[in-house]
Amino acid sequence: MEHSSILATLLLFTICLSTSSNAVIRDPCPSPKTGSDLSVIHIYDKCSPFNPPKPASSWVNTVLNMASSDPERVTYLSSLAGQKPTSVPVASGQVISTGNYVVRAKIGTPGQLMFMVMDTSNDAAWVPCTACNGCSSTAAAFAPNTSTTYGPVDCSVPDCTAVSGLACPTDGSGNCQFTRPYGGDSIFSATLSRDTLTLGNDTIPSYAFGCVNAVTGGSAPPQGLLGLGRGSMSLLSQTGSLYSGVFSYCLPSFKSYYFSGSLKLGPLGQPKSIKTTPLLKNPHRPSLYYVNLIGISVGRVNVPIAPELLAFNPSSGAGTIIDSGTVITRFVQPIYNATRDEFRKQLAGPFSTLGAFDTCFAATNDEVAPVITLHFEGLDLKLPLENSLIHSSSGSLACLAMAAAPNNVNSVLNVIANLQQQNLRILFDTVNSRIGIAREVCN
Ligand SMILES: *[C@@H]1O[C@H](CO)[C@@H](O)[C@H](O)[C@H]1NC(C)=O
Ligand SMILES: *[C@@H]1O[C@H](CO)[C@@H](O)[C@H](O)[C@H]1NC(C)=O
Ligand SMILES: *[C@@H]1O[C@H](CO)[C@@H](O)[C@H](O)[C@H]1NC(C)=O
């Protein structure tokens, strides 16, 4: 058993070595999908090159560990939500280090395989480049000098001024360089570049992205980022008619270590009949996908929530977004508390806490745990138990897998996160301004 798995690993490794000509990029599993349908791989999945060398101590600990960076991300998303319109199209503001799902992409000619984090709340696209000072050594780096189609963007073009916030050096020439804070204490610097991006069978010429040259501070970005937001230089904006402003994804179950979900780009192959809810636009935060959450029920009880707590307000940033980079759903404190209190009322306690989760109970009770339904305008999403409960490693506890948003000065944003989106197809249709949600086993 052990012997054959070592052999299989060696074989896989050999295949990987022989298929990647430019750089040794580990692709633990060959991609089964083609066309405009890409495999979506959990960052800790066995098919991800970023999975930990040893299996994590337990799955729930991995989730808790990942969820521990949620507050930072939610605070970041909320802080941006109420700001003035920003003209920064690539890597706007602080880049938050949460990357939960990666997709394969190729950059350059010939294409170099990269694993890029899919992030619906960001417009940024960037990859670590070769000779990057301080980049993570575990990540594949893009080698611009081996691509025949690579070109740095000149500092004199308007895109550069928008991204870097800087004018050209006084001699009036040079590549477009910009820097961004990253994580808590790091800064990365990058060259705004253009090259061919290949996603599945689709070729996107002259795609603008940041080629990361240097990282200072503790946390280096381990992989590239593919911004799927709605802002001016995101994938949707740069591909125009190729994808017609439409994509969908289906995130695999958190426990399905051996499976991947899918990211379908463009209108072809999308579900024909799907329940939808309007997609709302916040001009102050153009990349975020806001929806109108109008209520929550626990079992048959409509949780009493003051409507103003749920209301969309572009100037304060209040409302609800669907996000691919937050691990567990976060509601502003009064909404979370009311939902949790109703959930507790319907179950026999006692309740205990586990990491971010404050409502854990004997798992023998999970069959009778009330179902949570999110009521969006025009669409009710009844969460399967897998999407509302998480079990402790011993299996003895089940926890309500949601939490309160950090209670800071601008705590107005509710974030529907990964765990609640497992095995659902989420369709983003920016042209018809709607989001569709349908059950799908996407493992
Ligand atoms: C994608 O390209 C491959 C190789 O060129 C081809 O075999 C396959 O049929 C294409 N798939 C789609 C859906 O276009
Ligand atoms: C490309 O750049 C890398 C890193 O600077 C270097 O190691 C490599 O030799 C270069 N390759 C070519 C073909 O110039
Ligand atoms: C929510 O519940 C927590 C206890 O879990 C409490 O500390 C907090 O004050 C409550 N907040 C609101 C707004 O009710």
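As the structure lists them, so they are numbered: ligands from 1, and atoms in each ligand from 1. Nothing here was measured: the structure is a model prediction, and the numbers come from that model.
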Chi angles and distances behind the side chain to side chain donor-acceptor pair (under 3.5 Å) call for T359, R344: CA-CA 8 Å; T359 301; R344 287 183 181 176; 3.1 Å; yes
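Geometrically, R194 does not engage Y207 in a cation-pi contact, judged by NZ or CZ lying under 6.0 Å from the ring centre and within 45° of the ring axis.
Formation of a donor-acceptor pair under 3.5 Å by the S237 side chain with backbone atoms of G231 is found in this model.
Under the rule for a side-chain contact (heavy atoms from CB on, under 4.5 Å), the partners of T239 that lie at least two apart in sequence or sit in another chain are I204, L235, L242, Y243. Legend: residues meeting side chain to side chain donor-acceptor pair (under 3.5 Å) with N213, ordered by chain and number and at least two apart, are T191.
Identified under the disulfide (SG to SG under 2.5 Å) test for residues 338-394, with sequence neighbours left out: C360-C399.
Within 4.0 Å of ligand 3, protein heavy atoms come from Q333, N337, R340.
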